[in-house]
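Working notes, beginning with the structure itself.
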Amino acid sequence: MLEAAKGYDPLLKRPLSIFRYNDGIIQFLYRIRGKGTKCISELRKDDVVQLLGPLGNCYPQPSGDFIVLAGGIGIASVFSLFEKYPGRAYVYCGSRNCEELLMLEDIKRLAKEVCVTTDDGSVCRAGLITEPFREFIESAAFSNNPLPIYACGPNPMLQVLSTIISDKKLECHVSLEEVMACGVGACLGCVCKTKSGYSRICKEGPVFKIEDIVWD
Ligand SMILES: Cc1cc2nc3c(=O)[nH]c(=O)nc-3n(C[C@H](O)[C@H](O)[C@H](O)COP(=O)(O)OP(=O)(O)OC[C@H]3O[C@@H](n4cnc5c(N)ncnc54)[C@H](O)[C@@H]3O)c2cc1C
Ligand code: FES
């Protein structure tokens, strides 16, 4: 949870994924969405901000090859996984247009295979990333060698993912997003529905097994 302004507006810290952590330096990768992220973008070298974290859980470490599905700024959450394990990830990465397609050269360098789509077709294959992802999951090559899946992106993308793999017994972990207030499990403002009741995304999550989520 990163402080978004020096004064009281906005009052609440904003949740961001730890994009990278190296030698005591934390990097964030974020999209300017509203007031908080705009304030964060105006920070300059030597400014001091409060940070509360790390909070919540993280993706389990993959033991072999794995698949990453990232939609939009969801790439910030999954990037460190395939940066840590170069040459092991099949990366499916979608964004609205070429301007919002981030880290592409690094993804190509680090991944085993890369598939990229843009909604408007401004670069790479046109359409939603869930389509080539579905083709891969339904291919004979994948059926013979099923791999764990790690995903982060908009809820509609995660729901499609859940449908695609619903009749397959696959290990799949998704990182969920919700507006957050306290970030530490106290306010219950960030709950999602799971098969065992409501879970706090900031505390029990943000990473969940996909089969545990109840999609509304
Ligand atoms: C665990 C977690 C990790 C995240 N990691 C990143 C990251 O690495 N990079 C990044 O760019 N963003 C990330 N986000 C999203 C980020 O927290 C929001 O974009 C940010 O809080 C928006 O704040 P704001 O003040 O700029 O916008 P606001 O003014 O608060 O909101 C602008 C609009 O966006 C909507 N909105 C705000 N937050 C969310 C949200 N979390 N989900 C859906 N809609 C929302 C609001 O309802 C409003 O319509 C993450 C969120 C979570 C929960
Ligand atoms: S943000 Fe308060 S419980 Fe999650």
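One-based numbering, in listed order, for ligands and for the atoms of each. In what follows, residues are counted from 1 in the order of the sequence shown.
Cluster membership for Leu161 and Leu176, using ILVMFWY side-chain heavy atoms within less than 4.5 angstrom, is shared. A single hydrophobic cluster is not seen to contain both Met103 and Tyr92; linkage of ILVMFWY side chains at heavy-atom distances under 4.5 Å, directly or through other members, places them apart.
Considering CD of Glu177 and SG of Cys152, their distance stands at 5.5 Å, rounded to 0.5 Å. We find the CG-CD1 distance between Leu29 and Ile75 to be 8.5 Å, quoted to the nearest 0.5 Å.
Among protein residues, Arg14, Pro15, Leu16, Ser17, Leu29, Tyr30, Arg31, Arg33, Gly34, Lys35, Gly36, Thr37, Ile73, Ala76, Glu177, Glu178, Val179, Met180, Pro206 come within 4.0 Å of ligand 1, judged on heavy atoms.
Around atom 4 (Fe) of ligand 2, the protein N, O or S atoms closer than 2.8 Å are Cys190 SG, Cys202 SG, listed by chain and residue number.
Checked against a 6.0 Å centroid threshold, the rings of Tyr85 and Phe82 do not count as neighbours.
Of all heavy-atom pairs spanning Arg88 and Ser63, the tightest one is NH2-C, 3.5 Å.
Salt-bridge check for Arg125 with Glu135: passed, with a basic side-chain N closer than 4.0 Å to an acidic carboxylate O.
Grouping Ile, Leu, Val, Met, Phe, Trp and Tyr residues whose side-chain heavy atoms lie under 4.5 Å apart, directly or via other members, places Leu11 in a hydrophobic cluster with Tyr8.
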Donor-acceptor pairs are to be reported for all side-chain atoms of residues 105-116 against protein atoms at under 3.5 Å, with residues two or more places apart or in another chain.
from: Asp106; atom 1: OD2; to: Arg109; atom 2: NH2; distance (Å): 2.8
from: Lys112; atom 1: NZ; to: Asp65; atom 2: OD2; distance (Å): 2.7

